[in-house]
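A note on names: the letters A, B, ... follow the listed sequences, proteins ahead of strands, and every chain is numbered from 1. Since the structure is predicted, the reported quantities are computational estimates derived from the model, not experimental observations.
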Amino acid sequence: MDKDSISKTFESKEEEIYSLWEESSLFNPDNMEKYLQENGFNVKKPFTITLPPPNANGNLHLGHMCGYSFHDAIGRYMRMTGHPTLLLPGKDHAGIQTETSFTKELQKQGESKWDLGRDEFYKRCYEFCMTNAQNARSQEKRIGLSADYSREFFTLDPRLTKIVYETFYKMFKEGMVYRDKRIVNVCPNCKTALADIDTEHEEKRGIFAYIIYPFVEEEDKKKAMERFGVEGITVATTRPETMIGDTAVAVNPKDERYKEFVGKKVLLPIAEREIPIIADEAIDIEVGTGALKVTPAHSPIDFEIGKKHGLEVMNVIDEEGKMTGQIPERFKGMGTIDCSKALVKELDELKLLVKIENIKHDVAVCERCGTSIEPIISNQWYLNVEPLAKKALEAIKKGEYKVVPSGQQKALEYFFENIQPWCISRQLWWGQRIPVWYNGGKKLYDWLNENNGKTVSDYEETTGIKANGTGEIFLGENAPDDSDVWEAETDMFDTWFSSGQWPYSTLGGVDGEDFKKYYPTQLMVHARDILFWWSARMIMFGFYKTDEVPFPATFLTGMILASDGSKMSKSKGNGVEPQEVFGKYGADSLRLWYYSDALPGSNAPLREEKIKGNRNFVNKIWNASRFILMNIDESEIDEIIGCDVKDTERVLKTKEHLEKVGKYIEKYQFNLGAEAIREFFWHELCDKWIEEIKNEIKDSPVGSDIRKEKLSELLYILKENLKIMHPFIPFVTEAVWQELVKLGLAKGMLMSQQMMSL
RNA sequence: GGACGACUAGCUCAGCUGGUCAGAGCAUCUCGUUUACACCGAGAGGGUCAUAGGUUCGAAUCCUAUGUCGUCCACCA
């Protein structure tokens, strides 16, 4: 071939190169192991990373794709140092998020999920995910991800579901998973329960209404009149609509103002019910009037107070945020905000409204859709995670697990220390159905569960409903028999209940062949916003099922921002399309930029000039290599590859360099690694050594010993540099290697070369 | 309200256990057509390392306050 015809700029042939890798099937660690054996290399311990499965409901953004360049760099490095390496890819069904986005998709087409029905919805949503998953997969390949796609999993794969179900059965038998009636966050838009962690807090403008609850007894009214100037006790609330569900007023026992009224009764306005005044330490004397209206059904604090004092729980708001229950007819079916306004108006007419303050306060909103959540009492499935969190904490203390950067580790410790029972049921149509059947229906089971010790006939007596079954529960994918007494649980698992089991479920579960060989894994890499959702859960499940930590470290990737330092978002229109970057600068340039700029715990504004700078480096590699090739005469090739390279100063420095960069990768210091390969290749090899060697062979004729010696040294240095740079920038380095192969100066693929000195 | 992190050149950041640590890339400026590369080469300017104290022979590096920004957690009605 004609060496001089090689292009002056690196024209990225990324697809071609990726195909070359894929065809070798060495992304599969079993094949890699064979390859190492057959070529006489020492086979080291397998290296495994289960990759974060992107949500199967949309395209990948730049952050996803760049994240994979960390997995890939360390994976390629491990592969080149003798480890059969498994980067295990997947796609996540992402329960709520997908259900929300697919529902929107349907609306655009003038359809609704209610028209489709559960089964059809599930089927269509599945297809929707499959299409998107395919896009995501091709985008992963675009960044150069060397994942074993023969092992790819979708989180709803029946093989995974089976493992997730087994975990659930085991937990149920051990009493870790149970049904409980508690106050839970409900998103009126998604119409499902949410775990605390699925909510966010936003500052919103609201009102603070001061309402008078008049005393029942004339004597108390008189006293109150003397003391407060009104005939009752004044409470302050941000949510007047909940007042019709009040079952007490609570004050602090130390509060001198109210001491003598504790135990007395007030008449709840509008609802016209008598409720007691109780004393509880939890009440803050400073806030509002120091008197708290207690609505156990619709406020977490009130729920706790209610439990302590045995208060009645009155549900007045339903899952859709509408007024319901035993309330005056005129409010039924009203939205909470409308009801609040109506109530305030009536109270004002009754002269029971003292004032309304406008305030800003934190409101819990749905993490996925931003709707204000309603705290509602309901029966849900819970998982007692406390014992597992304890084990996780111990592992952190013993140094068996760490977070990079370490600052985030403290936040994780705090999360584990204060962990609450995890609500794992979601009222969705999309996901894994909780594999439970109720004999005689769910209501019966829950009633018996709530009323410990009572019987089915007690149920019939109390509720006046005929029970059509025994109240038993059956765990299994299918009902135990064909009788129609078995009612299926329709709730789905929280998506993290299955993705939390990712490290072993994707390896075939604890009995799987892959599990024996590739578990525990070596690292977890993901964005920092899902540390508690994902890593925390994986660690806990890991302890539960395998009695060890599933990976020794979580590396948190930095966040990519728009060039002005703000968050990229579709609504702002400041997002950058991955396609655009790849088209203009290539995957290597983008990767290199990410390694050096997106450090764990830091933000990385995407600047075009910086990616351009890296593109220049990629091109420099191409040209320096081209120059070296041009210098070698065809007649010298055989002797040059047969020539023993002496340990010159340059060769020794190169070996040191490889070792140094290897250490950086092993310590996850990708930024330092990227800086080092750039510095060494560009300013040592190109600027100094190539210039030196130019001089050293300047006057020597083709075929002379000095040329052979110097050029073989240079070739050796080039090859070693390509190897150590390959984990960072796989495409250009492989492209150069293939040019060497064409000339007979190298063999095989760079991807599977071994770095012998490491 | 609490926790954690950051504050180093115009910009994004390296500087781990105190003594060549005042750095890199990008940007800026000057010069340069040499066997590859102008997506290049040679060189230059630019920072009292947020502020105030303290420990020390010596601090960007340790301690204590303060300020600014960010992230996370939290039931303040």
Does [X] come within less than 4.0 Å of [Y], counting only side-chain N to carboxylate O?
X: E636(A); Y: K710(A); value: no
X: K355(A); Y: E357(A); value: yes
X: E666(A); Y: K663(A); value: no
X: R650(A); Y: E692(A); value: yes

**OP:** Determine the contact category for R239(A): base if any of its heavy atoms lies under 4.0 Å from a base atom, sugar-phosphate if only primed atoms, P, OP1 or OP2 are that close, otherwise nothing.
**Re:**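 Counting heavy atoms under 4.0 Å across all strands, no contact is made by R239(A).
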**OP:** May I ask you to say what F532(A) touches in the nucleic acid, namely base, sugar-phosphate or nothing, with a heavy-atom cut-off under 4.0 Å?
**Re:**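 Answer is sugar-phosphate: F532(A) comes under 4.0 Å of backbone atoms only.
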Separation of [N] [atom2] from [X] [atom1] (nearest whole Å):
X: L556(A); N: C4(B); atom1: CG; atom2: C1'; answer: 13 Å
X: R528(A); N: C73(B); atom1: CZ; atom2: P; answer: 12 Å
X: E304(A); N: A77(B); atom1: CD; atom2: P; answer: 17 Å
X: Y595(A); N: C26(B); atom1: OH; atom2: P; answer: 19 Å
X: L606(A); N: C26(B); atom1: CG; atom2: P; answer: 16 Å
X: N185(A); N: C73(B); atom1: CG; atom2: P; answer: 13 Å
X: I677(A); N: A24(B); atom1: CD1; atom2: P; answer: 18 Å
X: W534(A); N: C72(B); atom1: CH2; atom2: C1'; answer: 20 Å

Subject >> Pairs flagged by side-chain hydrogen bond (donor to acceptor under 3.5 Å, both in side chains) wherever residues 675-684 of chain A is involved - sequence neighbours left out >> reply: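 For residues 675-684 of chain A: N614(A)-R678(A), H683(A)-D687(A).
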Original post:
How does protein contact run along nucleotides 10-17 of chain B, one letter per nucleotide 5' to 3', with B for base contact, S for sugar-phosphate only, - for none, heavy atoms under 4.0 Å?
Top reply: -SBSS---
**OP:** Give the B/S/- string for nucleotides 29-40 of chain B, one per nucleotide from 5' to 3', where a protein heavy atom under 4.0 Å of the base yields B, of only the sugar-phosphate yields S, and otherwise -.
**Re:** ------BBB-BS
Subject >> S372(A) and E374(A): side chain donor to acceptor below 3.5 Å >> reply: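 The criterion, which ignores hydrogens and geometry beyond distance, is not satisfied for E374(A) and S372(A).
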Subject >> Partners meeting salt bridge (Lys or Arg N to Asp or Glu O under 4.0 Å) with E608(A) (sequence neighbours left out) >> reply: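 With sequence neighbours excluded, E608(A) shows a salt bridge (Lys or Arg N to Asp or Glu O under 4.0 Å) to K584(A), given in chain and number order.
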Subject >> For K390(A), all residues meeting salt bridge (Lys or Arg N to Asp or Glu O under 4.0 Å), sequence neighbours excluded >> reply: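 So K390(A) forms no salt bridge (Lys or Arg N to Asp or Glu O under 4.0 Å) with any residue.
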Kindly write out the residues that satisfy side chain to side chain contact (heavy atoms under 4.5 Å, CB included) with [X], not counting sequence neighbours, or none if the list is empty.
X: K694(A); value: F627(A), I690(A), E691(A)
X: P269(A); value: Y213(A), P214(A), M243(A), L347(A), L352(A)
X: S596(A); value: none
X: V385(A); value: L383(A), I419(A), W422(A), M540(A)

Original post:
Taking for each residue the nucleotide of RNA chain B with the nearest heavy atom, is it E609(A) or A291(A) whose nucleotide lies nearer the 5' end?
Top reply: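 Result of the comparison: E609(A).
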Subject >> Residue whose nearest RNA chain B nucleotide is more 5′ - I283(A) or H683(A) >> reply: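 Looking at the nearest nucleotide for each, H683(A) comes out on the 5' side.
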Distance between the [atom1] atoms of [N] and [M], in whole angstroms?
N: A60(B); M: U34(B); atom1: P; value: 46 Å
N: A22(B); M: G5(B); atom1: P; value: 27 Å
N: A50(B); M: G41(B); atom1: P; value: 33 Å
N: U17(B); M: G70(B); atom1: C1'; value: 28 Å
N: C7(B); M: G15(B); atom1: C1'; value: 15 Å
N: C49(B); M: A9(B); atom1: C1'; value: 10 Å
N: G47(B); M: C11(B); atom1: P; value: 13 Å
N: C37(B); M: G32(B); atom1: C1'; value: 15 Å

**OP:** Taking the six-membered ring for Trp and the full ring for Phe, Tyr or His, determine whether the centres of F416(A) and F532(A) are under 6.0 Å apart.
**Re:**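 No, too far apart.
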Every protein N/O lying under 3.5 Å from an N/O of nucleotides 74-76 of chain B:
from, atom 1, to, atom 2, distance (Å)
A74(B), N6, D362(A), OD2, 2.8
A74(B), N1, D362(A), OD2, 3.3
C76(B), O2, D284(A), OD2, 3.4
C76(B), N3, D284(A), OD2, 3.4

Original post:
Is R182(A) close enough and on-axis enough to Y382(A), meaning under 6.0 Å and within 45°, for cation-pi?
Top reply: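 The answer is yes; both the distance and angle limits are met.
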Subject >> Selection residues 402-412 of chain A - residue pairs positive for salt bridge (charged side-chain N to carboxylate O under 4.0 Å, His left out), sequence neighbours left out >> reply: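 Qualifying pairs: none.
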**OP:** Could you give me the stems involving RNA chain B, meaning stretches of three or more consecutive Watson-Crick or G-U wobble pairs whose two defining distances are both below 3.5 Å?
**Re:**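 Listed by first number, the stems are B:1-7 with B:67-73, B:10-13 with B:23-26, B:28-32 with B:40-44, B:50-54 with B:62-66.
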